[in-house]
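Here the structure comes first, spelled out in structure tokens, and everything after it is commentary.
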Amino acid sequence: MTIRLLLADDHPVVRAGLRAVLDTEADFTVVAEAATAERAVQLAAAEEVDVVLMDLQFGSGMHGSEATAAITARPGGPRVLVLTTYDTDADILAAVEAGASGYLLKDAPPEELAAAVRTAAAGQSALAPAVALRLMDRMRTPAEALTKRELEVLQLVADGLSNQQISKRLFLSQATVKSHLVHIYAKLGVDSRTAAVATAGARRLIRTP
């Protein structure tokens, strides 16, 4: 059976490289490419696609995890395999909760990528070893792990947003944002926004500049 693929990445060179690698597999065929997450959602609905290879960052437009959620929400829609350079807890949790069937890093060898595509097409989970390990670590120490919402708040702090801006972005009260920060500080063992961002960045919980 031929596995039909949609490549979603905003870098033409990356898409060309992926196509070159995937074209070497006899059971793969790339049927479409998308340079934006919004376009990926449109093509996933319009084309006969089995697996979408989805980047996470698309400049100022829709995020890859948002596109993943939109694609997987459609009955009978294709599987989504996230292919990204980011291995932070925030990105991994967002993608998994959005319905991604797999999460792979862009430095994965071609044979690992091909195996992940086939696994996702079969409806099974395909996680990079490093990603699986991070998820297992979170499960081993749930009391110490930042929740998805705490990671979202801390990522926005790292992006330079104030508590008021975060409350508007996430539709939370400022008191709730402050409460999340208190919990974040306690879990990370810090006492300031700067220290929280630095510690979380060092632990690869969030993206930092």
Q | Flag for Ser179-Thr176: side-chain donor and acceptor within less than 3.5 Å | A | no

Q) Between the side chain of Asp50 and the main-chain N/O of Arg4, is any donor-acceptor distance below 3.5 Å? A) yes

Q.
What I'd like to find out is whether the side chain of Val30 reaches to under 4.5 Å of the side chain of Asp23, using heavy atoms alone.
A. yes

Q) Which atom names give the shortest non-hydrogen contact between Ala158 and Ile206, and what distance separates them? A) CB-CD1, 3.7 Å

Q. Less than 4.5 Å apart, any side-chain heavy atom of Arg39 and any of Leu43?
A. yes

Q. Quick one: do Val51 and Val82 end up in the same hydrophobic cluster if we chain Ile, Leu, Val, Met, Phe, Trp and Tyr together by side-chain heavy atoms under 4.5 Å apart?
A. no

**Q.** Spatial distance of atom CG (Leu135) from atom CD1 (Ile92) [nearest 0.5 Å]
**A.** 5.5 Å

Q | Ser173 versus Ser167, closest heavy-atom pair with distance | A | C-CB, 4.0 Å

Q) So Arg138 and Asp89, salt bridge (charged side-chain N to carboxylate O under 4.0 Å, His left out) or not? Walk me through it. A) CA-CA 9 Å; Arg138 288 182 58 85; Asp89 283 21; 3.4 Å; yes

Q. CG/Leu181 to CD/Gln174 distance, rounded to the nearest 0.5 angstrom?
A. 11.0 Å

Q: For Arg193, enumerate each residue passing the side-chain hydrogen bond (donor to acceptor under 3.5 Å, both in side chains) test, keeping only those at least two apart in sequence or located in another chain.
A: Asn163

Q. Can you check whether Thr72's main-chain N or O pairs, donor with acceptor, with Arg79's side chain at less than 3.5 Å?
A. no

(Q) Please say yes or no: joined through hydrophobic side-chain contacts below 4.5 Å, possibly via intermediate residues, are Val117 and Val131 part of one cluster? (A) no

Q | Option among Glu112, Glu25, Glu111 that satisfies the salt bridge (charged side-chain N to carboxylate O under 4.0 Å, His left out) test with Arg118 | A | Glu25

Q) So, the side chain of Asp9 versus the backbone of His11: is there a donor-acceptor pair under 3.5 Å, distance only? A) yes

Q: With the side chain counted from C-beta on, respond yes when Leu205 and Thr88 share a heavy-atom pair under 4.5 Å apart, and no when they do not.
A: no

Q: Supply the atom-to-atom distance Leu81 CG to Leu113 CG, rounded to the nearest 0.5 angstrom.
A: 7.0 Å

**Q.** Full working for salt bridge (charged side-chain N to carboxylate O under 4.0 Å, His left out) between Asp87 and Arg134
**A.** CA-CA 9 Å; Asp87 63 346; Arg134 292 191 70 80; 5.6 Å; no

Q: First locate atom CG of Asp55, then atom OG1 of Thr85, and finally report the distance between them rounded to the nearest 0.5 Å.
A: 6.5 Å

Q. Could you go step by step and tell me if Asp10 and Thr36 meet the side-chain contact (heavy atoms from CB on, under 4.5 Å) rule?
A. CA-CA 6 Å; Asp10 59 344; Thr36 67; over 6 Å; no

Q. Residues in side-chain contact (heavy atoms from CB on, under 4.5 Å) with Thr2, at least two apart?
A. Thr29

Q) So, do Pro78 and Ile71 sit near enough that their side-chain heavy atoms are less than 4.5 Å apart? A) yes

Q) Are any of the side-chain heavy atoms of Lys106 and Val14 separated by less than 4.5 Å? A) yes

Q: Group every Ile, Leu, Val, Met, Phe, Trp and Tyr by side-chain heavy-atom contacts under 4.5 Å, then state whether Leu156 and Leu56 land in the same group.
A: yes

Q.
Looking at every heavy atom in both Val21 and Pro110, which two are closest together, and how far apart are they?
A. CG1-CB, 3.8 Å

Q) Once you round to the nearest 0.5 Å, how far does CG of Leu6 lie from CD of Glu48? A) 12.5 Å

Q) Do Thr147 and Leu93 touch side chain to side chain, with heavy atoms closer than 4.5 Å? A) no

Q: Output yes when a side-chain donor or acceptor of Glu47 lies under 3.5 Å from a complementary backbone atom of Val31, and no otherwise.
A: no

Q: Examine Leu83 and Leu7 and state if one hydrophobic cluster contains both, with Ile, Leu, Val, Met, Phe, Trp and Tyr joined whenever side-chain heavy atoms are less than 4.5 Å apart.
A: yes

Q | Contacts of Gln57 that satisfy side-chain hydrogen bond (donor to acceptor under 3.5 Å, both in side chains) - sequence neighbours left out | A | Arg207

**Q.** With sequence neighbours excluded, residues passing side-chain hydrogen bond (donor to acceptor under 3.5 Å, both in side chains) with Arg149
**A.** Glu152

Q: Before giving the answer on side-chain contact (heavy atoms from CB on, under 4.5 Å), spell out for Ile166 and Val157 the whole-Å C-alpha distance, their side-chain angles and the decisive distance to 0.1 Å.
A: CA-CA 8 Å; Ile166 294 171; Val157 170; 3.6 Å; yes

**Q.** For Ala45 against Arg74, the heavy-atom pair lying closest together
**A.** CA-NH2, 3.5 Å

Q. Between Thr68 and Ala95, which heavy-atom pair has the shortest distance, and what is it?
A. CG2-O, 4.4 Å

Q: Could you tell me whether the side chain of Thr208 reaches within less than 4.5 Å of the side chain of Val197, counting heavy atoms only?
A: yes

Q: Give the cluster check for Leu127 versus Leu104: same hydrophobic cluster or not, with ILVMFWY residues linked at side-chain heavy-atom distances below 4.5 Å.
A: no

(Q) Once salt bridge (charged side-chain N to carboxylate O under 4.0 Å, His left out) is applied, what residue pairs with a partner in residues 165-189 remain, sequence neighbours excluded? (A) Glu150-Lys187

Q | Thr141 side-chain N/O to Asp137 backbone N/O, donor-acceptor pair under 3.5 Å | A | yes

**Q.** Inter-residue atom distance Tyr86.OH - Arg204.CZ, 0.5 Å rounding
**A.** 14.5 Å

Q. For Glu33, which residues count as a side-chain hydrogen bond (donor to acceptor under 3.5 Å, both in side chains) partner, sequence neighbours excluded?
A. Arg15, Arg19

Q) Closest heavy-atom contact between Tyr185 and Ala196? A) CE2-CB, 3.9 Å

